[in-house]
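Comments concern the structure below.
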Amino acid sequence: MEYVLKTENLTKVYGKNKVVKNVCMHVRKGDIYGFIGKNGAGKTTFMRMVAGMAAPTAGTIQLFESEELEKQRSRIGTLIENPGIYPNMTAKENLEVARRNFGIADKQAVEDMLDFVGLSDTGKKKVKNFSMGMKQRLGIGISLFRNPDFLILDEPINGLDPAGIKEIRELLLKLNQEREITILISSHILGELSKMATRYGIIRDGELVEEFQAEELEERCKRCQKLVVDDARKAVRILEESLGITGYDVKEDGTIRIFEHLDDLEETNRELILNGVNIKETYLSGQDLEGYFMDLLGGESHV
């Protein structure tokens, strides 16, 4: 497995405040890594350290499996905090400034990028009159100028309307799938993030509490009836033969999870009891993505 980013006990202290605490993150090549945490949890500070905008207090960073960070950061595009754009210039003028700053000789690169991020029809309209979504697309366009292999985006869909969110989502998926760019993205909009992310990291009070794949998230949030019984083998035979239930599995500890027939739990329980199965515990499990993330983040505060 090839890693674009690995950190080992990455820590940042401001005065007496430990903002990032011993974070060990693993972003694999090809990931869209959803970085989730409440305001003040340390997301932006972590991203700034990876991008070279803040110095770590302790710990190590590897980019593209190398600790030659200055060299490897040339392969990164970033959009952290506010896009670095000039409000009294047009999109084309902003990209022209970026082209020169990055030392890109090809003047056609500006037109190509305008077209790629969907801003080729903005003409002489100044950026200060752009919608938030247009500004974000321009910021992403600037971050793409050096053809990065890794893109770090801090809240790129925050404050956007549904149409703007959809545009950014489609752009990021295009970058990931067509240009094979690995993306680390933080976001407050968890339901939207779930439409893109292939992997997640949860940060709480500066600590990375968990990393998991998107498939694991779907599994964890799946609605089901959980049963703890005295004889799991006998119970599943009854489920199949008497109730026609085939959508189930049995965990290593013997817990049965039933993914169908959830509107009539009483019938399921009654059939098992009548056939001599002793039910020790039964309950409905599973929740929506927002609820699951809020449990991990530790409360109902805004993330």
Task: Q136 (side chain) donor-acceptor with P156 (main chain) under 3.5 angstrom - done: yes
TODO: Grab the two heavy atoms, one from A51 and one from I80, that are nearest each other, plus how far apart they are.
DONE: CB-CD1, 4.0 Å
Open item on the list: For a quick test of reading the model, state the closest non-hydrogen atom pair linking L193 to Y200 and the distance between them.
Closed with: O-OH, 4.0 Å
TODO: Please check if L265 and I279 belong to a single hydrophobic cluster, counting links between Ile, Leu, Val, Met, Phe, Trp and Tyr side chain heavy atoms closer than 4.5 Å.
DONE: no
- [ ] Check for a donor-acceptor pair, side chain of Q72 on one end and backbone N or O of L69 on the other, with a separation under 3.5 Å.
- [x] no
- [ ] Determine whether F259 and I245 make a side-chain contact, defined as any pair of heavy atoms from C-beta on separated by less than 4.5 Å.
- [x] no
Task: Verdict with supporting geometry, Q62 and L5, side-chain contact (heavy atoms from CB on, under 4.5 Å) - done: CA-CA 6 Å; Q62 280 192 3; L5 170 65; over 6 Å; no
Open item on the list: Applying a strict under-4.5 Å side-chain criterion to I, L, V, M, F, W and Y, I'd like to know whether I142 and F116 cluster together.
Closed with: yes
TODO: With rounding to the nearest 0.5 Å, note down the distance linking CE in M49 to OG1 in T44.
DONE: 11.0 Å
Open item on the list: Looking at K92 and E111, is any side-chain nitrogen of the basic one under 4.0 Å from a carboxylate oxygen of the acidic one?
Closed with: yes
Task: Beyond-backbone contact of I76 with D149, side-chain heavy atoms, under 4.5 angstrom - done: no
- [ ] Determine the minimum heavy-atom distance between A197 and A214, stating which atoms define it.
- [x] O-CB, 3.5 Å
TODO: Give the C-alpha distance, both sets of side-chain angles, the deciding distance and a yes or no for side-chain hydrogen bond (donor to acceptor under 3.5 Å, both in side chains) between S186 and D154.
DONE: CA-CA 5 Å; S186 69; D154 186 21; 2.7 Å; yes
Open item on the list: Does this structure show an ion pair linking R100 with E96, if we count only N-O contacts that are shorter than 4.0 Å?
Closed with: yes
Open item on the list: Minimum heavy-atom separation for I61 and P56, please, with both atom names.
Closed with: CD1-CG, 4.2 Å
Task: M53-M25 co-clustered via ILVMFWY side chain contacts under 4.5 Å - done: yes
Task: Inter-residue atom distance T45.OG1 - Y14.OH, 0.5 Å rounding - done: 5.0 Å
Open item on the list: Within the structure provided, determine whether Y86 and E93 are in side-chain contact (heavy-atom separation under 4.5 Å).
Closed with: no
TODO: Examine distances only and state if a side-chain atom of T182 and a backbone atom of G30 form a donor-acceptor pair shorter than 3.5 Å.
DONE: yes
Task: NZ/NE/NH1/NH2 to OD/OE distance under 4.0 Å, E211 and R199 - done: yes
Open item on the list: Can you confirm whether the side chains of Q225 and Y248 place a donor and an acceptor under 3.5 Å from each other?
Closed with: no
Open item on the list: According to a hydrophobic-cluster definition based on side-chain heavy atoms being under 4.5 Å apart (Ile, Leu, Val, Met, Phe, Trp, Tyr only), do I140 and V97 belong together?
Closed with: no
TODO: In plain terms, say whether K6 and E65 are close enough for a salt bridge, that is, a side-chain N and a carboxylate O under 4.0 Å apart.
DONE: no
Task: Heavy-atom closest contact (A232 atom, V250 atom, distance) - done: CB-CG1, 4.4 Å
Task: Cationic N near anionic O, under 4.0 Å, E267 to R270 - done: no
Task: Transitive ILVMFWY side-chain link M89 to L114, under 4.5 Å - done: no
Task: Value rounded to 0.5 Å, distance of CG in D230 from CG in N278 - done: 4.5 Å
TODO: Indicate the atoms forming the closest heavy-atom contact of A41 with I203, along with that distance.
DONE: O-CD1, 3.5 Å
Task: SB check R204 E207 (cutoff 4.0 Å) - done: no
Open item on the list: Can you confirm if the aromatic rings of F46 and F35 lie within a centre distance of less than 6.0 Å?
Closed with: yes
Task: C224 side chain near I258 side chain, heavy-atom distance below 4.5 Å - done: no
